[in-house]
Amino acid sequence: MRARKTLLTADELLRLSTPDCRCELVKGELTAIPLADWQHGSTAMRAGTFLGTYVWDNDLGEVFAAGTGFILRRNPDTVRAPDASFVSKDRLPMGELPSGYIDVVPDLAVEVVSPSDREGEVLDKVEEWLRSGTRLVWVIYPASRSAAVHVSPGEHYDLTEADTLEGGQVVPGFTCSLGELWN
């Protein structure tokens, strides 16, 4: 007889202590995310900083750092954490942000690809963000200095270092030369 897996909830994940790695919850199962290397960390920080500066200067909403969990699904729970994210002002809870995870998906999720990431897993995560209601996903590839902008399931366009990353209707007016992420 096969033993049943014990599935975790978002609340249990929040209380879990995992000092050696970040963890996400996928359909109730704990998934370890290796700690980022320097290139990944620098790229994610720059993307988040450029995005945050623009969003805060224009009072558009809130930008969240890597490791911020978003509940994408319940029963079984899925909690994902992009490398940077944006939630528009009109979708934020009123008043002070609550502690814990909330049932709001980001309008924009930024994923920076690490050497340990497998392409299929990255694309699965992009599809999951979009199916959950995220309106825009930027996948940034530091190794090739490129990016893929996903606007809906199956619809994306590729950028090179010479191109401009744009916020479109999700972050109106935001632009950043992709090359700035590495300069």
Side-chain angles (χ1 to χ4, degrees), residues 1-49 51-52 55 61-142 148 150 152-153 170-171:
M1 183 177 257
R2 209 167 136 186
R4 277 184 90 172
K5 287 184 181 179
T6 302
L7 302 179
L8 296 177
T9 66
D11 291 336
E12 291 168 325
L13 175 64
L14 191 60
R15 291 189 304 269
L16 194 63
S17 174
T18 55
D20 296 333
C21 68
R22 291 179 16 198
C23 292
E24 293 180 326
L25 198 60
V26 180
K27 297 179 184 173
E29 294 186 30
L30 196 62
T31 302
I33 309 295
L35 295 177
D37 68 5
W38 286 38
Q39 188 177 47
H40 178 281
S42 175
T43 303
M45 186 66 189
R46 283 176 179 256
T49 299
L51 181 63
V55 165
E62 192 63 57
V63 174
F64 297 92
T68 302
F70 290 89
I71 298 171
L72 302 185
R73 184 177 305 111
R74 291 282 194 180
N75 298 320
D77 292 0
T78 294
V79 178
R80 293 286 198 174
D83 293 305
S85 56
F86 162 73
V87 177
S88 64
K89 189 177 185 178
D90 62 329
R91 296 186 57 246
L92 289 169
M94 296 299 284
E96 188 175 322
L97 291 174
S99 61
Y101 307 126
I102 57 174
D103 288 306
V104 172
V105 297
D107 292 288
L108 166 65
V110 180
E111 295 286 352
V112 178
V113 177
S114 294
S116 62
D117 289 335
R118 291 188 205 113
E119 185 66 19
E121 291 173 352
V122 172
L123 294 177
D124 287 347
K125 192 183 273 193
V126 167
E127 292 291 318
E128 192 168 32
W129 284 118
L130 294 170
R131 281 193 315 270
S132 297
T134 299
R135 298 168 44 209
L136 182 63
V137 181
W138 296 338
V139 179
I140 301 171
Y141 298 90
H150 296 263
S152 66
V170 177
V171 189

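All residue numbers refer to positions in the sequence shown, counting from 1. FYI, side chains are in, hydrogens and waters are out, and symmetry mates aren't considered; it's all heavy atoms of this structure.
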Could you measure the distance from the [atom1] atom of [X] to the [atom2] atom of [Y]? Nearest 0.5 Å is fine.
X      : Y      : atom1 : atom2 : value
Asp37  : Ser116 : CG    : OG    : 8.0 Å
Ile102 : Arg91  : CD1   : CZ    : 8.5 Å
Cys23  : Glu29  : SG    : CD    : 13.0 Å
Arg46  : Thr49  : CZ    : OG1   : 8.5 Å

Looking only at heavy atoms, which two atoms of [X] and [Y] are closest? And how far apart?
X     : Y      : value
Gly48 : Val63  : O-CG1, 4.0 Å
Pro82 : Val110 : CB-O, 3.6 Å
Gly41 : Ala36  : N-CB, 4.3 Å
Ala66 : Arg22  : CB-NH1, 3.8 Å
Gly28 : Pro76  : N-CB, 3.8 Å

Donor-acceptor pair, side chain of [X] and main chain of [Y], under 3.5 angstrom:
X      : Y      : result
Arg74  : Asp103 : no
Glu127 : Pro153 : no
Asp77  : Asn75  : yes
Ser42  : Trp38  : no
Thr134 : Pro106 : yes
Thr68  : Ala65  : yes

### Verdict with supporting geometry, Leu92 and Leu97, side-chain contact (heavy atoms from CB on, under 4.5 Å)
CA-CA 8 Å; Leu92 289 169; Leu97 291 174; 4.0 Å; yes

Heavy-atom side-chain contact between [X] and [Y] under 4.5 Å:
X      : Y      : result
Leu30  : Leu16  : yes
Arg131 : Leu72  : no
Thr78  : Leu25  : no
Trp129 : His150 : no
His40  : Asp83  : yes
Val26  : Arg80  : yes
Val170 : Asp107 : yes

### Task
Could you walk me through whether Leu7 and Lys27 pass side-chain contact (heavy atoms from CB on, under 4.5 Å), step by step?
CA-CA 8 Å; Leu7 302 179; Lys27 297 179 184 173; over 6 Å; no

### Message
side-chain contact (heavy atoms from CB on, under 4.5 Å) for Val87 and Phe70? Distances and angles first, verdict last.
### Response
CA-CA 11 Å; Val87 177; Phe70 290 89; 4.0 Å; yes

### Task
Determine, step by step, whether Trp138 and Leu51 satisfy the side-chain contact (heavy atoms from CB on, under 4.5 Å) criterion, reporting the C-alpha distance in whole Å, the side-chain angles of both residues, the deciding distance to 0.1 Å, and the verdict.
CA-CA 12 Å; Trp138 296 338; Leu51 181 63; 4.3 Å; yes

### Task
Scan side-chain atoms only and decide if Asp90 and Ser88 contain a donor-acceptor pair under the 3.5 Å cut-off.
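Result is yes, a qualifying pair exists.
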
